[in-house]
There are 2 protein chains.
Amino acid sequence: MPEATVARLPVYLRALNALAETGRTTVSSEALATASGVGSAKLRKDLSHLGSYGTRGVGYDVQELVFHISRALGLGQRWSVVLVGVGNLGQALAGYGGFDDRGFRIAALLDADPARTGELVAGLPIRLLSDLADVVRDEGVSIGLIATPAAGAQDVCDRLVACGVRSILNFAPTVLQVPEDVDVRRVDLSNELQILSFHEHRKAAEAEVVPA
Amino acid sequence: MPEATVARLPVYLRALNALAETGRTTVSSEALATASGVGSAKLRKDLSHLGSYGTRGVGYDVQELVFHISRALGLGQRWSVVLVGVGNLGQALAGYGGFDDRGFRIAALLDADPARTGELVAGLPIRLLSDLADVVRDEGVSIGLIATPAAGAQDVCDRLVACGVRSILNFAPTVLQVPEDVDVRRVDLSNELQILSFHEHRKAAEAEVVPA
DNA sequence: GTTTGTGAAAGGATTCACAGCA
DNA sequence: TGCTGTGAATCCTTTCACAAAC
């Protein structure tokens with residue numbers, strides 16, 4: 001399965017869930033593509049990697065597609081995640097409601113600062129970073145979220161890897177060095193803004209050369 | 001300039017700034033590539049789109065590269081952004097320290113809930129969503145951040161576009177429909193987790209077929 | 001008639017490998 | 001000798017366009 005396809009499956013899944021809530025039972029590639037912000041040919045090619053679940057002349061059964069995409073994404077089971085770094089952003093992530101209903105469960109909140117141990121955030125007590133190995137073992141954690149400042153992120157990452165965590169979502173503004181069997185995905189606000197800046201800058205330059 | 005290259009320039013920029021802080025004045029493509037988590041050939045090809053600023057046998061001058069990448073990204077000017085939706089996530093974004101020093105300035109915080117008007121968050125008063133047009137005009141806003149619940153995101157997006165904002169960073173878990181001259185970038189936590197889930201699932205399946 | 005699934009073509013991005021320069 | 005810059009080759013992704021199926 002192409003990586004580009006994998007990255008789009010969650011988008012389709014969300015669009016399908018929204019459709020299901022409106023009572024729709026079937027959907028064409030054209031309609032689902034529009035709702036997902038892609039072209040219909042791309043959508044069909046993506047779905048073809050899952051198997052042949054459409055009906056020619058009709059479209060796709062919404063529930064059936066939800067099932068097959070969920071299965072492909074490995075959402076049949078609940079994944080336990082550990083969140084390290086309960087600062088500004090970490091608290092917002094802990095309070096984010098979209099975890100439970102999408103198959104993810106926050107097993108624990110960890111922070112390096114002993115002064116915060118025991119504090120309740122989103123109903124969970126903050127524990128010490130040094131409890132990491134216990135948490136990962138006892139709770140069956142397979143995904144780590146890093147929401148620490150940049151300076152501490154690599155250390156946290158190394159600890160996660162040492163505990164056997166091989167999937168990491170990194171919100172710290174730094175590039176993590178990991179063994180090749182570990183997947184890291186980065187979410188970086190400044191990066192995104194700077195990419196927008198590039199395009200905005202380009203648009204402004206074009207507007208100047210070709211004035212209205 | 002290839003889009004894939006644009007998306008990596010902010011990463012290089014951050015790595016270069018980190019190097020500058022350690023006192024390094026020059027860097028090879030190999031070293032910068034490692035710090036950025038990419039291959040050296042890819043890095044050199046990316047930088048070649050900016051011009052020829054390296055010295056064979058030596059490497060790149062750190063400050064000079066910072067300058068050229070910043071210029072290419074349009075970071076010579078300060079961009080004003082407006083943040084709409086001051087909930088859980090919105091507050092975390094408002095409190096994020098990385099705006100100012102990277103050339104972005106939060107011009108205003110807006111929320112649709114009148115009960116929150118006037119409340120101070122990160123030193124800024126929350127204003128009503130209906131003030132949007134005034135804010136965009138008076139503050140010269142060119143980038144919009146949407147941190148509302150999914151249900152309100154498209155409406156906010158439409159308002160931003162109507163005010164002339166053509167660059168949007170969307171944190172709401174929904175796909176926005178916009179005219180083609182508007183750039184939207186999406187940051188979606190569940191999407192990222194689901195992509196990790198896919199890979200974790202695949203790794204688990206492989207480990208079963210080929211047991212250690 | 002409508003819509004899927006998919007070969008084939010086109011377009012991008014990455015990697016290779018080395019000429020050219022310091 | 002060391003490292004950049006870049007054509008050429010490879011790989012991946014998207015788009016086209018249509019036969020097959022309903």
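What you see below is based on every heavy atom in this structure, not just the backbone, and it leaves out hydrogens, waters and symmetry mates. We name chains A, B, ... by the order of the sequence lines, and we start the count at 1 in each one.
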First encountered from the 5' end of DNA chain D, between A:A41 and B:S29 = B:S29

Which one, [options], comes nearest to the side chain of [X]?
X     : options                : answer
A:K45 : C:dA13, D:dT4, C:dT6   : C:dT6
B:K42 : D:dT14, C:dA13, C:dT14 : C:dT14
B:R8  : D:dT4, C:dT14, C:dA13  : C:dT14
A:A4  : D:dT4, D:dT13, C:dG5   : D:dT13

What is the distance, to the nearest angstrom, from the [atom1] atom on [X] to the [atom2] atom on [N]?
X     : N      : atom1 : atom2 : answer
A:L50 : C:dT4  : CG    : C1'   : 14 Å
B:L43 : D:dC3  : CG    : P     : 14 Å
A:M1  : D:dC12 : CE    : P     : 15 Å
A:H68 : C:dT4  : NE2   : P     : 16 Å
B:L32 : D:dC3  : CG    : C1'   : 14 Å
B:E3  : C:dG11 : CD    : P     : 18 Å
A:L65 : C:dT3  : CG    : P     : 16 Å
B:E30 : C:dA17 : CD    : C1'   : 15 Å

task = Locate the shortest heavy-atom distance separating B:T148 from B:G152; write the atom from each residue and the value.
result = OG1-C, 3.9 Å

task = Check the angle between the aromatic planes of A:H201 and B:W79 and answer parallel, tilted or perpendicular using the 30° and 60° thresholds.
result = perpendicular

key: Atom pair CD1 (A:I168) and CZ (A:R186), whose distance is rounded to the nearest 0.5 Å   = 13.5 Å

key: Atom CD of A:E3 with >12 non-hydrogen neighbours under 6.0 angstrom   = yes

For [N], does either OP1 or OP2 sit under 4.0 Å from a side-chain N or O belonging to [X]?
X     : N     : result
B:S28 : D:dC3 : no
B:Y53 : D:dC3 : no
B:S52 : D:dG5 : yes

Using a cut-off of under 3.5 Å, enumerate the N/O to N/O pairs linking the protein to nucleotides 18-22 of chain C.
| from | atom 1 | to | atom 2 | distance (Å) |
| --- | --- | --- | --- | --- |
| C:dG20 | N2 | B:R56 | NH1 | 3.3 |
| C:dG20 | N3 | B:R56 | NH1 | 3.0 |
| C:dA22 | O4' | B:R56 | O | 3.4 |

ask   = Passes side chain to side chain donor-acceptor pair (under 3.5 Å), B:S142 versus A:E200? Steps please.
value = CA-CA 8 Å; B:S142 42; A:E200 191 69 23; 4.5 Å; no

message = As a test of understanding, state which of A:L176, A:L145, A:I146 forms a side chain to side chain contact (heavy atoms under 4.5 Å, CB included) with A:L160.
response = A:I146

request  = Using a strict cut-off of less than 4.0 Å between a Lys/Arg side-chain nitrogen and an Asp/Glu carboxylate oxygen, indicate whether A:D155 and A:R159 qualify as a salt bridge.
outcome  = yes

